[in-house]
Amino acid sequence: MKVGIHSIAFDIPQLYLPITTLAEARNIEADKLIKGLGLLKMSFPDVHQDVVTMASNAALKLIRQENIKPNEISRIYVGTESGVDSSKPVGSYVLSNLESVLGEGSFRNCDVVDLTFACIGAVDALQNCLDYIRLNPTKKAIVIASDNAKYDLNSTGEYTQGAGAIAMLITANPNILSFSNAVGVATEGVFDFFKPRRAVSKATITTSDENPEWQGVLENEIAIYKEQPVFDGQYSNQCYINRITEAYEHFKTESEQQGKIYENWTNILMHLPYCFQGRRTFIEIFAKENPELLAAQIGETDKDKLKALAKSSEYLSLVQAKIQPSEIASGQVGNIYTGSIFLGMLSTLCYHYQQKTNLAHQKLGFIAYGSGSKSKVFEAEVATEWQSAIAKVKLFEALEACQAIDFPTYEKLHKKELKTAVIQPSKEFYLDSIEKENPVLIGARYYKYGL
Ligand SMILES: CC(C)(COP(=O)([O-])OP(=O)([O-])OC[C@H]1O[C@@H](n2cnc3c(N)ncnc32)[C@H](O)[C@@H]1OP(=O)([O-])[O-])[C@@H](O)C(=O)NCCC(=O)NCCSC(=O)C[C@@](C)(O)CC(=O)[O-]
């Protein structure tokens, strides 16, 4: 029996900051961001949007698209690292939002949970649900990846921001992709990127430091959860490379395959924390698989030879054929953490749909990564009916219709200084208010569905 993704829907904020606007304001060479990292636009949430609204909107679109009844859905598993609460999962907010539109109590017997492991949490949610459907083939599960990839202003992460959610219906005999059982895994506990509860001086606290929890750490300091991570960019790249190469080798053992297994993959779908991360790091696997090509490069050190190999016709043609389709949406959206690998998957499928490529029965390779750190490598086969399922997902059209904001608006949104939405919500879930008065509900987030 085949198990996998039957249908997909997404929700990406309509607002974006052009990367040239950011480059100009921060005095960064635009070419570094555009030609070096592949960035064009950064999706940014409006005043009323957050990880819950994006997840709820994507889930509702998916349910309506497939005309599914709420009681047919046994699970809603959310992968996120931008949770709005340390106890109550985003999934429970999504459930009550869906019930507010589809009927009170309509999801009462649905199992809901969040899974967190930085950017790989939704892959963990997916694999958990695949196993569940393998055991219960008549059931249906929804996996949602939803995140707001927000970094500190002026940091090296600032130009890699983005936001969005992807919802996937997981069933037996799916219409889009079926996954094989084998999964290569590599894990190491590191501090490359994390979001600690930390002590911050009262003087430096800003309005963008959400969910302040005054705990009286020191006289002039408070303990706080920041939405923005603590990270070491270059070290995080090294951890990414180490984990993906280890997981790739482990996948060979687990799947009992040998040789250049990437050659069997029509497309390679990697976690894209920014557009060119896949092409900039897959070279490490390519070099290991092709030692003779690496040895033939001119360069004094191994690093020089690797750089030369990255510019070789052999590697560039691989990038063009196997990686570039996944980059199209990433360049327009940015990092969406847990959803990034699935946005790349959707971008690839929509690209082939437009190109009228016959993808049926082709294999796709997935190389996932989450800071902290873990990588997973696995494979999927494209279903015969994939085109009719992808025809419903108008990804490029939606990205085309997004609206640019100027730099002052971006900074105000980042610092949570704007009080009214740039675009009024319509036919979507929105954050209406946060409880500030009632002591037994303090901090509760109230959502509504726009007319
Ligand atoms: C990604 C970094 C580290 C980049 O760091 P950086 O310091 O901004 O950029 P760089 O100095 O490494 O330069 C990037 C490339 O641009 C080139 N460049 C320079 N100038 C030009 C020019 N004029 N024209 C053309 N190219 C130019 C430059 O040469 C270089 O290419 P290379 O030489 O390495 O091939 C930074 O943006 C950052 O800190 N980002 C945040 C962390 C991150 O994204 N890490 C990625 C791996 S970890 C991960 O994926 C997990 C994550 C982040 O998603 C979180 C999670 O799991 O939850």
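Remember, it's 1-based here, ligands and their atoms both numbered in the order they're listed.
Residue Glu397 qualifies as enclosed at atom CD: its count of foreign heavy atoms under 6.0 Å is above 12. Within 6.0 Å of the NZ atom in Lys305, the count of heavy atoms belonging to other residues, nucleotides or ligands exceeds 12. Within a 6.0 Å radius of CG in Asp302, no more than 12 heavy atoms belonging to other residues, nucleotides or ligands are found.
Here the side chains of Ile142 and Tyr77 are not in contact, with every heavy-atom distance at 4.5 Å or above.
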Walk me through it: do Val112 and Val94 pass the test side-chain contact (heavy atoms from CB on, under 4.5 Å)?
-> CA-CA 9 Å; Val112 167; Val94 171; over 6 Å; no
Decide side-chain contact (heavy atoms from CB on, under 4.5 Å) for Glu381 and Leu177; before the verdict, give the C-alpha distance in whole Å, the side-chain angles of both, and the deciding distance to 0.1 Å.
-> CA-CA 6 Å; Glu381 185 187 310; Leu177 291 179; over 6 Å; no
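Note that atom 29 (O) of ligand 1 has no protein non-hydrogen atoms nearby, at separations under 4.0 angstrom.
Salt-bridge check for Glu249 with Lys288: failed, with every basic side-chain N at 4.0 Å or more from each acidic carboxylate O. Between Glu246 and Arg243 a salt bridge is recorded (basic side-chain N to carboxylate O distance below 4.0 Å). Salt-bridge check for Lys260 with Glu289: failed, with every basic side-chain N at 4.0 Å or more from each acidic carboxylate O.
Annotation for ligand 1: atoms under 4.0 Å from non-hydrogen atoms of Asn335 are 54 (O). Within the listing of ligand 1, atoms 53 (C), 55 (C), 56 (C), 58 (O) sit less than 4.0 angstrom from a heavy atom of Phe193. Close approach of ligand 1 to Tyr240 (heavy-atom distance below 4.0 Å) involves ligand atoms 50 (O). Close contacts of ligand 1 with Leu37, meaning ligand atoms under 4.0 Å from a residue heavy atom, involve 14 (C). Close approach to Gly36 involves these atoms of ligand 1, each under 4.0 Å from a residue heavy atom: 16 (O), 17 (C), 25 (C), 26 (N). Here is the list of ligand 1 atoms found below 4.0 Å of a heavy atom in Tyr369: 48 (S), 49 (C), 50 (O), 51 (C). Close contacts of ligand 1 with Gln277, meaning ligand atoms under 4.0 Å from a residue heavy atom, involve 46 (C), 47 (C). Numbered from 1 in the order shown, with element, the atoms of ligand 1 that lie under 4.0 Å from a heavy atom of Gly370 read 57 (O).
Test Tyr262, Phe276, Tyr369 against Phe282 for ring pair (Phe, Tyr, Trp, His ring centres under 6.0 Å) and you get one pass: Tyr262.
At a 4.0 Å cut-off, at least one heavy atom of Tyr159 sits close enough to ligand 1 to count as contact.
Looking at Glu81 next to ligand 1, an N or O pair under 3.5 Å apart turns up. Note: an N/O pair closer than 3.5 Å links Ser236 and ligand 1 by distance alone. For ligand 1, the polar-atom distance check finds an N/O of Thr156 within less than 3.5 Å of one of the ligand's N/O atoms. An N or O contact shorter than 3.5 Å links Gln234 to ligand 1 by distance.
Distance check: Ile285 CD1 to Ile367 CD1 gives 4.0 Å after rounding to the nearest 0.5 Å.
With a 4.0 Å cut-off on non-hydrogen atoms, Ile120 does not touch ligand 1 at all. At a 4.0 Å heavy-atom cut-off, ligand 1 touches Lys32 through backbone and side chain alike. Contacts with ligand 1 closer than 4.0 Å are made by heavy atoms of both the backbone and the side chain of Asp31.
Side-chain atoms of Ser371 and Asp192 form a donor-acceptor pair, as typed in the model, at a separation below 3.5 Å.
Among all non-hydrogen protein atoms, the one lying nearest atom 32 (P) of ligand 1 is Arg280 NH1, 3.2 Å. In terms of protein heavy atoms, atom 50 (O) of ligand 1 is closest to Pro273 CG, 3.1 Å. Residue, atom and distance of the protein heavy atom nearest to atom 54 (O) of ligand 1 are His271 NE2, 2.8 Å. Closest to atom 23 (N) of ligand 1 among all protein heavy atoms lies Glu29 OE2, 3.1 Å. If you check which protein heavy atom lies closest to atom 51 (C) of ligand 1, you get Ser371 OG, 3.2 Å. Protein heavy atom in closest approach to atom 2 (C) of ligand 1: Asn237 ND2, 4.4 Å.
Ring-plane geometry between Phe231 and Phe193 is classed as tilted, the angle between the planes lying from 30 to 60 degrees on a 0 to 90 degree scale.
With atom 3 (C) of ligand 1 as the reference point, the heavy atom nearest to it among Gly162, Gly233, Ala118 is part of Gly233. When Ala30, Cys119, Gly372 are checked for heavy-atom proximity to atom 52 (C) of ligand 1, Cys119 turns out nearest.
Legend: side chain to side chain donor-acceptor pair (under 3.5 Å) pairs involving residues 320-329, not counting sequence neighbours, sorted by first then second residue: Arg279-Glu327.
Relative to the ring axis of Tyr93, Arg445 does not place its NZ or CZ within 45° and under 6.0 Å from the centre.
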